[in-house]
There are 2 protein chains.
Amino acid sequence: MVNAYQAPTVKKAFQILKSVSKSRQGMGISELSKQLFLGKSTVFGILNALENVGAVVRDPTTKTYTLGVTLFELGRAAYSRIDIKEIARPAMEALMERVQESVFLGVRNKEHLTILDIVESMQDLKITAPVGSRIPLFAGAAGKVFMASMPEEQAAELIRMKGIPRFTKHTIINPMRFMEEIRKARRTGYATDDEEYIPGVRAVAAAIQGTRTLSAAIWVVGFKPRIDAKKMAFLAEETLYSAREISEKIKTADAAR
Amino acid sequence: MVNAYQAPTVKKAFQILKSVSKSRQGMGISELSKQLFLGKSTVFGILNALENVGAVVRDPTTKTYTLGVTLFELGRAAYSRIDIKEIARPAMEALMERVQESVFLGVRNKEHLTILDIVESMQDLKITAPVGSRIPLFAGAAGKVFMASMPEEQAAELIRMKGIPRFTKHTIINPMRFMEEIRKARRTGYATDDEEYIPGVRAVAAAIQGTRTLSAAIWVVGFKPRIDAKKMAFLAEETLYSAREISEKIKTADAAR
DNA sequence: ACCATTCGTTCACCATGATGAACAATTTTA
DNA sequence: TAAAATTGTTCATCATGGTGAACGAATGGT
C-alpha cells in the first residue's frame with residue numbers, strides 16, 4: 001500500500017494544531033496562513049471544523065485560536081493506553097537509584113522523539129523536561145538508538161533528506177561518521193552522547209525491544225563534570241541492563257495476554 | 001459568521017479519533033465504517049493521514065488502529081495552557097479539607113463536561129474519576145450549573161433536541177422541571193444533585209466566573225448517607241464560597257497581565 | 001482625520017479530494 | 001476442504017469540498 005491516499009485536509013489540520021500548540025497566546029488566521037503556506041479561507045474552514053469538535057477554542061475578542069479540551073481528552077486516552085510506561089517505571093526508578101542521574105523513557109513519533117516518563121535525579125542540580133516534550137530525532141544518544149532500530153536505508157535516507165543539524169560544536173554532522181555511530185549502537189545495543197546535543201551534558205541510551213507498534217528507549221542524562229569515562233562505562237552497562245529488564249517484562253506481559 | 005464552512009473531512013477525522021479512543025484493543029476499517037456510517041475508502045484515506053501525522057498507530061498484524069503519540073503531545077500542550085487548574089487547586093484543597101469530600105474541577109466542551117482536576121477525599125471510601133474523563137452535560141449538579149451559564153434559549157434548545165437521558169430513577173427528565181432547576185441554579189449560583197446521576201450519590205456544583213474562553217465549575221461529590229440535608233446546605237455554602245474565591249483569583253491574574 | 005495595510009469573512013468556481021464499485025486477501029462457516 | 005462472507009485496498013469518477021478573489025472591518029501610519 002505504497003503511496004496510498006492520505007486525506008490532505010486532515011494533514012493540514014494537524015499542521016495547524018502543531019503550530020497553535022507552539023503558541024502561548026493563540027494564533028490568528030493570517031498568521032497561520034503565512035506560517036504554513038495555506039490559503040486564509042482554507043485555514044478558516046479547517047479552524048471552524050476544529051472548533052466545532054472542540055479541538056481548538058476561538059477567543060472572540062482577539063480572534064485567535066488556542067488548543068481545545070478535546071485534544072486533552074484524546075491525549076489522556078492515548079497516554080492511558082501506553083502500557084510501557086507502567087511496565088518501565090520500576091526499572092527506571094531502580095536505575096536512577098544506582099546511577100544517581102535522571103532517567104528518561106521515550107518513543108519515536110515519526111521524525112522526532114516524545115518523552116513519556118522521567119525519573120528525576122535526586123540531586124539538587126539535575127536535568128529534566130516536561131513529559132510530552134518532543135526531542136529531534138538526530139539529537140543525542142536517544143536519537144542514535146532509535147535510528148539504529150530502523151532499517152539502515154531508512155536511516156541513511158533521513159540523513160540525506162534532512163541533514164544533521166548542528167546543536168553544539170561537538171555535534172557529529174558528517175553523515176558517514178554519524179552512520180558509524182548508528183552502526184556501533186546497533187552492535188553494542190546502546191549509544192552515547194558527549195555534548196553533541198546540549199553543551200556540558202552527557203547521555204547514554206538503550207533501546208527497548210518487544211514493543212509491537214512503538215519504538216521505545218530509555219536514556220540517562222547528566223552533567224559532564226559528574227560523568228567521567230569510567231562512570232560513562234558504568235552508565236552504559238546499567239542502562240543496557242535496565243532496557244533488557246524492561247524488554248523482558250514486556251515479553252512476559254504479552255505472553256500473559 | 002453563522003453557518004460558516006467547516007471542513008467536513010476534519011470533522012470525520014475527529015469522529016474516527018473519538019471512536020478509536022473508546023476502544024482498548026484498536027479498531028479496524030470496516031468496524032469504524034459501520035459505526036460511523038462512513039464509506040470504507042473514506043475511513044481508509046483519513047486513517048492514512050492520521051497515521052502519517054502520528055495521531056494513530058496501525059498494527060500491521062491485526063490491521064487495527066489505536067491512538068498515537070501525537071495526540072498525547074497535543075493533549076499535554078493543551079492541558080499545560082489551561083491556567084485555571086493551577087489557579088483553582090489551592091482553593092479546591094482547602095474546600096476538601098473543610099467538607100471532607102472529593103472536589104472536582106471541570107469545563108464544558110461542546111455537549112459534555114471534562115474533568116480537569118480532582119482533590120480526592122481523604123476518607124477511605126470516596127468518589128473519584130480519571131482526569132480527562134467526560135461527563136454528560138445533562139448529568140447531575142455540574143451539568144445544571146453549566147446549562148445555567150448558557151443563554152436560556154440555547155439550554156432549552158439542547159433539551160428539545162437531545163432530550164434528557166434517564167440516569168437513575170431520580171433523574172429529572174421533565175423538560176419544564178429541568179428548566180426550573182436551571183433557573184434556580186442561575187439565581188442561587190449553585191446546583192444540587194440528589195441521586196439524579198448516580199444512585200446513592202449527592203453533589204453540589206458552582207460555576208467559576210471570569211474565564212474568557214472556557215466555561216468552568218467546581219463540584220463536590222459524596223455518598224448520600226454521609227450527606228444529610230444540613231450538610232448539603234453546608235456544602236452549597238462552602239462550594240459557592242470557593243467558586244467565588246477562584247473567580248477572584250482569575251480576575252486578579254488577568255489584571256496582572 | 002484620512003489613507004494604506006492587514007485581517008477575517010464570504011462566495012462562486014472548478015479541480016482536487018472523497019468515495020462507490022470492484023477486486024484481492026483474509027477470515028469464517030459449513 | 002471448499003464456499004461464503006467479510007475485510008482491506010485500489011482506482012476511476014464526479015460533485016463536493018477546498019480555495020482564490022473580492023469585500024467589509026479593523027488596525028496602523030502619517
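Here the structure is a predicted model, which means the values were calculated and not measured. We name chains A, B, ... by the order of the sequence lines, and we start the count at 1 in each one. Values reported hereafter were calculated over all heavy atoms of this structure, with side chains retained and with hydrogens, waters and symmetry mates removed.
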Name all residues meeting the ring-ring contact (aromatic ring centres under 6.0 Å, His included) criterion together with [X]; count only those two or more places apart in sequence or in a different chain, and write none if there are none.
| X | answer |
| --- | --- |
| A:Phe72 | B:Tyr79 |
| A:Phe146 | none |
| B:Phe104 | B:Trp219 |

Quick one: list whatever passes side chain to side chain contact (heavy atoms under 4.5 Å, CB included) with A:Val107, sequence neighbours left out. A:Thr114, A:Leu116, A:Leu214, A:Ala216, B:Val69
Listed partners of A:Arg244 passing side chain to side chain contact (heavy atoms under 4.5 Å, CB included), at least two apart: A:Leu240
Sorted by number, the residues of residues 26-33 of chain B with heavy-atom contact under 4.0 Å to DNA chain D: B:Gly28, B:Ile29, B:Ser30
Interatomic distance where CG belongs to B:Asn48 and C1' belongs to D:dG8 [whole Å]: 11 Å
Base, sugar-phosphate, or nothing: which does A:Lys11 touch, judged by heavy atoms less than 4.0 Å apart? nothing
Among all residues two or more places apart in sequence or in another chain, which pass the salt bridge (charged side-chain N to carboxylate O under 4.0 Å, His left out) test with A:Arg183? A:Glu152
Quick one: salt bridge (charged side-chain N to carboxylate O under 4.0 Å, His left out) partners of B:Lys63, sequence neighbours excluded? none
At a cut-off of 3.5 Å, list every protein nitrogen or oxygen paired with a nitrogen or oxygen from nucleotides 20-22 of chain D, distance to 0.1 Å.
unit_1	atom_1	unit_2	atom_2	d
D:dG20	N7	A:Ser41	OG	2.7
D:dG20	O6	A:Ser41	OG	2.7

With a 4.0 Å cutoff (strictly under), does any side-chain N or O of A:Lys34 reach OP1 or OP2 of C:dC7? yes
Residues A:Arg76, A:Glu73: salt bridge by 4.0 Å N-O rule: no
Selected nucleotide, minimal atom distance to A:Lys63 side chain, candidates D:dT9, C:dG8, C:dT19: C:dG8
